[in-house]
Amino acid sequence: MSLTVESVTTQEEACRLRSFDSNVAWEIGHIIRANVQKKFTRPVVIYIAHANSSQLLFFATSGPGTLPDNMHWVKRKEAVVLRWGCSTMRMRLSLQTKTKTLQEVYEMSDPSIYAVHGGGFPVKVEGVEGVVGVIVVSGLTQEDDHSVIVEGIQEYLAKNP
C-alpha cells in the first residue's frame, strides 16, 4: 500500500489511545520490539517519551548493532512530532506534495534539528487535545520505521479494547 497524507492521517486517528502512562508505553514498546525482532535482522532503537517533559518512558534496542547515530535520528524525529503534532511520515508526505524535489523538503526544515523521515509518531489520547507522547523507531527504512509503530499500536489496541 502506498502511503498518502490522507492514509497516514487516518492511521494517526485510528491509533488514538484510551489512556497513556508508563505502563502503556512499556506494553507498546515491548510489542514493537518483539515485532521488529520477528520481521527484521537490522537492529533498531525504540524510544517512547512524554510530550510535555520528554520524560523517557521506554527505551530499548531490538538487538546488538545500533549506532550513536540512531539516537541523533530519534531526537530529530521527536522534534518534528512535538513541533507539528503529527507523524514524521505525514509531515514528509505533506511537504513532498507541496514541493517538487526532495532537496526542497530538506530546505524547508533545519536538518540538524528536524528529521522529516518516517519513524516518529504522536501519541494521542481520546478526549485529550494535542500530543501527549511520542514514539520513535530508528534503524530500518523510513517506511518500515513508521509501519512497525502503527502495527504495534494497533496490536496494543486490539489487546486492550
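Any value given below was found using the heavy atoms of this structure, including those in side chains, with hydrogens, waters and symmetry copies removed.
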Do [X] and [Y] have side-chain heavy atoms sitting under 4.5 Å apart?
| X | Y | answer |
| --- | --- | --- |
| P122 | S87 | yes |
| V137 | V74 | no |
| M71 | Y47 | yes |
| L57 | W26 | no |
| L140 | F40 | yes |
| N35 | E155 | yes |
| V125 | R16 | no |
| S19 | V24 | yes |

Original post:
Is the number of heavy atoms from other residues, nucleotides or ligands under 6.0 Å of E129 CD greater than 12?
Top reply: no
Looking at [X] and [Y], what are the two nearest heavy atoms and their distance?
| X | Y | result |
| --- | --- | --- |
| L56 | F58 | CD1-O, 3.5 Å |
| G120 | K77 | N-CD, 4.1 Å |
| E78 | A49 | OE2-CB, 4.0 Å |

Main-chain N/O of [Y] paired with [X] side-chain donor or acceptor, under 3.5 Å:
| X | Y | value |
| --- | --- | --- |
| Q37 | S62 | yes |
| T88 | G119 | yes |
| N70 | L67 | yes |
| R33 | T61 | yes |
| K124 | G130 | no |
| S138 | W73 | no |

Measure the [atom1]-[atom2] distance between [X] and [Y] for me, rounded to the nearest 0.5 Å.
| X | Y | atom1 | atom2 | answer |
| --- | --- | --- | --- | --- |
| N160 | L17 | CG | CG | 9.5 Å |
| Y156 | C15 | OH | SG | 12.5 Å |
| H117 | R92 | NE2 | CZ | 5.5 Å |
| N52 | L82 | CG | CG | 9.5 Å |
| M91 | R83 | CE | CZ | 8.5 Å |
| I153 | E27 | CD1 | CD | 13.0 Å |

Please check if [X] and [Y] belong to a single hydrophobic cluster, counting links between Ile, Leu, Val, Met, Phe, Trp and Tyr side chain heavy atoms closer than 4.5 Å.
| X | Y | answer |
| --- | --- | --- |
| V123 | V80 | no |
| I149 | V8 | no |
| M89 | V148 | no |
| V128 | L157 | yes |
| I32 | V132 | yes |

Original post:
Do the side-chain N and O atoms of T10 and S7 include a donor-acceptor pair separated by under 3.5 angstrom?
Top reply: no
Original post:
Can you tell which of Q11, E6, E12 makes a side chain to side chain donor-acceptor pair (under 3.5 Å) with R90?
Top reply: E12
**OP:** Using the side-chain contact (heavy atoms from CB on, under 4.5 Å) rule, take I135 and V81 through it: C-alpha gap first, then chi angles, then the decisive distance, then the call.
**Re:** CA-CA 9 Å; I135 301 173; V81 173; over 6 Å; no
**OP:** Describe, in one word, how the ring planes of H50 and F20 are oriented to each other, choosing from parallel (under 30°), tilted (30 to 60°) and perpendicular (over 60°).
**Re:** perpendicular
**OP:** Under the side-chain contact (heavy atoms from CB on, under 4.5 Å) rule, what do V116 and L95 come out as? Steps first, then yes or no, please.
**Re:** CA-CA 9 Å; V116 188; L95 289 173; 3.9 Å; yes
**OP:** Start with the C-alpha gap between I113 and R76, add the side-chain angles, then the distance that decides, and say whether side-chain contact (heavy atoms from CB on, under 4.5 Å) holds.
**Re:** CA-CA 5 Å; I113 299 172; R76 293 184 311 135; 5.9 Å; no
Subject >> Residue list, salt bridge (Lys or Arg N to Asp or Glu O under 4.0 Å) with E151, at least two apart or on another chain >> reply: K39
